[in-house]
Amino acid sequence: MSNDLAFIHRFEPGKRRGAPPLLLLHGTGGNENDLLQLGEMVSPGSALLSPRGKVLEHGMPRFFRRLAEGVFDEDDVRQRANELADFVESARAHYGIGTPVALGYSNGANIAAAMLLLRPQVLAGAILLRAMVPLARPPKADLAGKPVLISSGQRDPIIPASNAAELAAQLTRAGANVRHSVLPTGHELTQTDVTLAKEWMKTALLPEAVTSSD
Ligand code: MLT
């Protein structure tokens, strides 16, 4: 665990040349350790940058405030997404890594989606596991060709299918290259998510988009 940038975080250096760095974003009640193993499974040898969300909800870390389940404090979403984007830029300079691909689950996927819409240049792409619309009226973003995988659960009790579909539509309208898979499962992750994300990493990402350091 490291404290010397604006978020408590873990950083694991990359072990495979050309492997894109991953920005790991945990779900509600998680922390910076949660997704390290998933990151290694999805993209073996990638550098892993894993911050802990700063908002506490009854002691559980999150990346932004919500007013109720599925009802977000959108001013806070904007502020926290920008703060996280600033952290990613500082951490990239500090650790000398390229533009990361976000790998987020639930609340972590939602802040990743907000970052895509508010600060698109900070991410090379994103894997959004059980994500929903973070901003009802997003700014006009230019996501031209940015690869995004959304993996939703057909029986997710937290995220209505229409909401996940609307997120896919928002990102597509902004120009992202979106793949939206709906799996026969709920809010929890399954082995299929891992396989899907791993395959997507191999095929959807153009190496030049994620290895440059600008
Ligand atoms: C959220 O951001 O609140 C999620 O969609 C649900 C959760 O994290 O539990």
Side-chain angles (χ1 to χ4, degrees), residues 1-55 61-64 80-81 83-116 119-131 146-151 188-191 193-214:
M1 183 180 90
S2 170
N3 247 333
D4 56 356
L5 293 160
F7 280 72
I8 294 172
H9 65 282
R10 290 274 302 263
F11 176 73
E12 299 291 333
K15 298 179 198 71
R16 182 166 56 91
R17 214 178 136 72
L22 294 184
L23 174 68
L24 305 176
L25 300 166
H26 63 76
T28 300
N31 65 35
E32 66 279 13
N33 300 311
D34 281 19
L35 298 190
L36 293 171
Q37 217 184 339
L38 179 65
E40 174 60 22
M41 285 192 283
V42 166
S43 183
S46 278
L48 304 175
L49 178 63
S50 186
R52 183 193 303 180
K54 286 186 180 184
V55 171
R62 289 175 49 86
F63 287 97
F64 57 82
R80 303 281 175 183
E83 186 187 27
L84 186 60
D86 291 343
F87 163 75
V88 171
E89 286 177 343
S90 308
R92 279 191 55 198
H94 184 82
Y95 293 116
I97 56 171
T99 310
V101 174
L103 170 58
Y105 169 61
S106 191
N107 181 246
N110 297 342
I111 194 81
M115 280 172 68
L116 277 173
R119 297 277 293 274
Q121 67 287 358
V122 168
L123 297 175
I127 299 170
L128 308 176
L129 305 171
R130 311 297 183 271
K146 220 172 268 284
V148 177
L149 171 65
I150 302 175
S151 179
E188 73 287 355
L189 293 182
T190 66
Q191 185 55 44
D193 289 287
V194 181
T195 309
L196 190 66
K198 196 171 171 164
E199 287 309 309
W200 180 87
M201 283 295 292
K202 283 190 204 146
T203 54
L205 288 173
L206 297 172
E208 61 272 25
V210 292
T211 52
S212 75
S213 57
D214 55 25

Under 3.5 Å, sequence neighbours excluded: what are the donor-acceptor pairs made by side chains of residues 101-108?
{"from": "Y105", "atom 1": "OH", "to": "H187", "atom 2": "O", "distance (Å)": "2.9"}
{"from": "S106", "atom 1": "OG", "to": "H187", "atom 2": "NE2", "distance (Å)": "2.8"}
{"from": "N107", "atom 1": "OD1", "to": "F63", "atom 2": "N", "distance (Å)": "2.7"}

List the atom pairs, with distances to 0.1 Å, where a side-chain N or O of residues 21-30 and a protein N or O form a donor-acceptor pair under 3.5 Å, not counting sequence neighbours.
{"from": "H26", "atom 1": "NE2", "to": "G53", "atom 2": "N", "distance (Å)": "3.0"}
{"from": "T28", "atom 1": "OG1", "to": "R62", "atom 2": "NH1", "distance (Å)": "2.8"}

In chain order, what residues pass the side chain to side chain contact (heavy atoms under 4.5 Å, CB included) check against [X], with sequence neighbours excluded?
X: E40; result: P44
X: K15; result: none
X: S90; result: L5

Tell me every residue that passes side-chain hydrogen bond (donor to acceptor under 3.5 Å, both in side chains) with [X], counting only those two or more places apart in sequence or in another chain.
X: Q37; result: none
X: K198; result: none
X: S43; result: S46
X: R80; result: D76

I'd like to check [X] versus [Y] (side-chain heavy atoms, cut-off strictly below 4.5 Å). Are they in contact?
X: L49; Y: P100; answer: no
X: P61; Y: E32; answer: no
X: D193; Y: R130; answer: yes
X: H94; Y: F11; answer: no
X: V194; Y: L38; answer: yes

SB check E89 R92 (cutoff 4.0 Å): no

Measure the [atom1]-[atom2] distance between [X] and [Y] for me, rounded to the nearest 0.5 Å.
X: T195; Y: M41; atom1: OG1; atom2: CE; answer: 9.5 Å
X: L123; Y: M115; atom1: CG; atom2: CE; answer: 4.0 Å
X: L35; Y: S50; atom1: CG; atom2: OG; answer: 6.0 Å

